[in-house]
Amino acid sequence: MSSSARPFMYLHRFLLAALSLTVGITQTLSAQNVGSPKPGPQKLFEQGEANLRAGNLQQAEHSFRAVLAIDPQVAGAYANLGVIDMRRAHWQSAVQMLTRAEHLAPRIAGIRLNLGLVYYRQGKYRDAMPPFQSVVRDAPDSVQARYLLGLCYFFTERYADATTTLDPIWEQESSQLNYLYVLGIAANKAKRPDLEQRALSRLVETGQNTPEFHLLMGKAHLNREEYDDAITELEAAAKANSKLPFVHFELGLAYMKKEEFDRARTEFLADLAVEPDLAFDYDQLGLIDYLQQHDQDAVKNLGKALHLDSQLASSHFNLARTYQRLGNHTMALTEIDTTEKLDPDSYSIHYVRGQVLRSLGRTEEAQTEMRMYTQKANDAREKRQQELEAGPAPNPEITSDPQ
């Protein structure tokens, strides 16, 4: 799949994990936030809040739904049901609940913040922007909303907007390596050398010899296609802290780039020992299985990836290729169609679909797909050449393509 279609496919999870260490990812909406319910459901609402704080999601859900059965206009009940759905990763239901809560309580910034987070966690950065923008407008001192909005701009390559959004929270976040890393890259892309130098100098000063610093430097080398240097930095990070989230994942990517698939597999499995529910590890294991022609294992691992994250375009894409090789062309076509909905700019989709359609005897459609593939591939090649001719940037570009 094209690198331009998903340049930050892995970085967003890395940054979100780091962000969650410093700010709360979901907000419980209390009766005080959104107006107290009527006397009848007040006790039920309080029970729901207590259970939600304790992590008893089923009991909390039961209480909030009981509140709505008595009074369907309690915004806080919808908002908290949205939070419950977020914690369960039931994104569609979370959007529905939070949208209903926003309709009933449009002035409550916390509802819109959580709505933005639902989209952010799915990688739908453009959808996340309006809610975050509204929170920053209404609550300009919200560090969390500003940070998340800045990341959305960053992931959608709006680097000037990213710098102007992230720079004002320097005082609060300049001790965080990930903040400095993103700000430095964005400032470079936005041609803000003063801010770039300030961010990178603080990054070196703050990071020093920590495992997290070596991890970021490893990512920098990886994105600059300096794979041996990346492995050196990442191994230093892993040696200092073998349980550091994502360090084994990044090592796996580096070995994938060097086509050392067995070593890559070992690293992805090591990362799963640290992060057992990371869909990207299974995604990469499935890719290795596909490349080594272990098709049944590929189906299994890619299926696990999609169970954890049904929106992972690369897993649908590689599952389509695997089904194609297995001769299951109907399933292959279903998967490649799903891939296009998630990643419409990828030219590789048209090549695979063309092959599948040819196998199904749909020759004319297959030829159309191949013509689209050739055109888009040529356009992508020209764009890549222009990027290379522009000269090397002083900081790494976040353009890694795990394939």
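Just so you know, these numbers come straight off a predicted model, no measurement behind them.
Side-chain polar atoms of Tyr373 and Glu369 form no donor-acceptor pair below 3.5 angstrom. Ser314 and Asp283 share a donor-acceptor pair across their side chains, judged by distance under 3.5 Å alone. With 3.5 Å as the limit, one finds no donor-acceptor pair spanning the side chains of Gln367 and Arg362. Between the side chains of Thr266 and Arg263, no donor-acceptor pair of N or O atoms lies under 3.5 Å.
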**OP:** Show your reasoning for whether salt bridge (charged side-chain N to carboxylate O under 4.0 Å, His left out) applies to Lys124 and Asp127.
**Re:** CA-CA 5 Å; Lys124 297 180 178 179; Asp127 291 332; 5.2 Å; no

Subject >> Audit row: Tyr159, Tyr153, ring pair (Phe, Tyr, Trp, His ring centres under 6.0 Å) steps and yes/no >> reply: CA-CA 6 Å; Tyr159 299 115; Tyr153 287 141; over 10 Å; no

**OP:** Evaluate the criterion side chain to side chain contact (heavy atoms under 4.5 Å, CB included) for residue pair Asn178 and Tyr147; output intermediate values, then yes/no.
**Re:** CA-CA 11 Å; Asn178 300 292; Tyr147 197 163; 4.2 Å; yes

**OP:** Any chance you could lay out the side chain to side chain donor-acceptor pair (under 3.5 Å) test for Gln355 and Arg321, step after step, and finish with the verdict?
**Re:** CA-CA 10 Å; Gln355 290 182 318; Arg321 295 199 294 175; over 6 Å; no

**OP:** Apply side chain to side chain contact (heavy atoms under 4.5 Å, CB included) to the pair Leu44 and His62, showing each step before the final yes or no.
**Re:** CA-CA 9 Å; Leu44 285 170; His62 178 77; over 6 Å; no

**OP:** List the steps, then state whether side chain to side chain donor-acceptor pair (under 3.5 Å) holds for His221 with Asp228.
**Re:** CA-CA 8 Å; His221 287 300; Asp228 290 333; over 6 Å; no

**OP:** Start with the C-alpha gap between Asp138 and Arg107, add the side-chain angles, then the distance that decides, and say whether salt bridge (charged side-chain N to carboxylate O under 4.0 Å, His left out) holds.
**Re:** CA-CA 9 Å; Asp138 294 345; Arg107 295 184 179 181; over 6 Å; no

**OP:** Walk me through it: do Arg265 and Glu260 pass the test salt bridge (charged side-chain N to carboxylate O under 4.0 Å, His left out)?
**Re:** CA-CA 9 Å; Arg265 183 190 298 277; Glu260 298 182 27; over 6 Å; no

**OP:** Go through the steps to decide whether Glu235 and Lys239 satisfy the test salt bridge (charged side-chain N to carboxylate O under 4.0 Å, His left out), and finish with yes or no.
**Re:** CA-CA 6 Å; Glu235 286 184 342; Lys239 183 177 180 180; over 6 Å; no

**OP:** Evaluate the side chain to side chain contact (heavy atoms under 4.5 Å, CB included) criterion for residues Tyr255 and Glu267: first the C-alpha distance (whole Å), next the side-chain angles of each, then the deciding distance (0.1 Å), finally the verdict.
**Re:** CA-CA 9 Å; Tyr255 285 124; Glu267 295 298 335; 4.0 Å; yes

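Panel note: side chain Tyr78, backbone Pro72; a donor-acceptor pair is recorded below 3.5 Å. For the pair Thr163 (side chain) and Ala160 (backbone), a donor-acceptor distance under 3.5 Å is present. In this structure a side-chain-to-backbone donor-acceptor pair under 3.5 Å is present from Tyr179 to Leu166. Gln208 places a side-chain N or O within 3.5 Å of a backbone atom of Glu205 that can act as its donor or acceptor partner. Between the side chain of His316 and the main chain of Ser310, a donor-acceptor pair closer than 3.5 Å is present. Looking only at distances, no side-chain donor or acceptor of His350 sits under 3.5 Å from a matching main-chain atom of Gln375. In this structure, the side chain of Thr165 does not engage the main chain of Ala162 through any donor-acceptor pair within 3.5 Å. Without hydrogens or angle criteria, Thr99 side chain to Gln96 main chain gives no donor-acceptor distance under 3.5 Å. Thr374 places a side-chain N or O within donor-acceptor distance of the main-chain N or O of Met370, the cut-off being under 3.5 Å. Using modelled atom types, one side-chain atom of Asn51 and one backbone atom of Gln47 make a donor-acceptor pair closer than 3.5 Å.
Rounded to the nearest 0.5 Å, atoms CG (Leu342) and CD (Gln122) are 10.5 Å apart. Between Lys258 atom NZ and Leu253 atom CG the span is 14.0 Å, to the nearest 0.5 Å. The CD atom of Gln324 sits 10.0 Å away from atom CZ of Arg358, with the distance rounded to the nearest 0.5 Å. Taken from CG in Leu312 to CG in Leu319, the straight-line distance is 11.0 Å, to the nearest 0.5 Å. Here CG of Leu287 is found 5.5 Å from CD of Gln284. Values are rounded to the nearest 0.5 Å. In this structure, CG on Asn80 lies 9.5 Å from CZ on Arg53, to the nearest 0.5 angstrom.
Comment: Arg88 engages Glu61 in a salt bridge, judged by a side-chain N to carboxylate O separation of less than 4.0 angstrom. Ionic pairing of Arg87 and Asp85 is not present here: no N-O contact between side-chain nitrogen and carboxylate oxygen is shorter than 4.0 angstrom. At a threshold of 4.0 Å, the pair Glu250-Lys219 counts as salt-bridged, since one of the basic side-chain nitrogens sits closer than that to a carboxylate oxygen. With salt bridges taken as basic N to acidic carboxylate O contacts below 4.0 Å, one links Asp167 and Arg198.
What you find for Leu113 and Phe132 is that their closest heavy atoms are O-CE2, 3.5 Å. Residues Leu308 and Asp277 approach most closely at CD1-O, 3.6 Å, considering heavy atoms. Closest approach of Asp289 and Asn301 over heavy atoms only: OD2-ND2, 2.7 Å. Taking each heavy atom of Arg112 and Ser134 in turn, the nearest pair found is NH1-OG, 3.0 Å. Contact between Ile336 and Phe317 at its shortest, heavy atoms only, is CD1-CD1, 3.7 Å. Summarising the geometry of Ile231 relative to Ala254, their closest heavy-atom pair is CG1-CB, 3.7 Å, with the distance given to 0.1 Å.
Using cut-offs of 30° and 60° for the angle between ring planes, the Phe280 and Phe249 rings count as tilted. Note on ring orientation: taking the six-membered ring where Trp is involved, the planes of Phe155 and Tyr125 are tilted (angle from 30° to 60°).
Taking the centre and axis of the six-membered ring of Tyr290, the NZ or CZ atom of Arg325 falls inside the cone set by 45° and 6.0 Å.
The number of heavy-atom neighbours closer than 6.0 Å to CZ of Arg137, taken from other residues, nucleotides and ligands shown, is above 12.
Partners of Phe261 by ring-ring contact (aromatic ring centres under 6.0 Å, His included), not counting sequence neighbours: none found.
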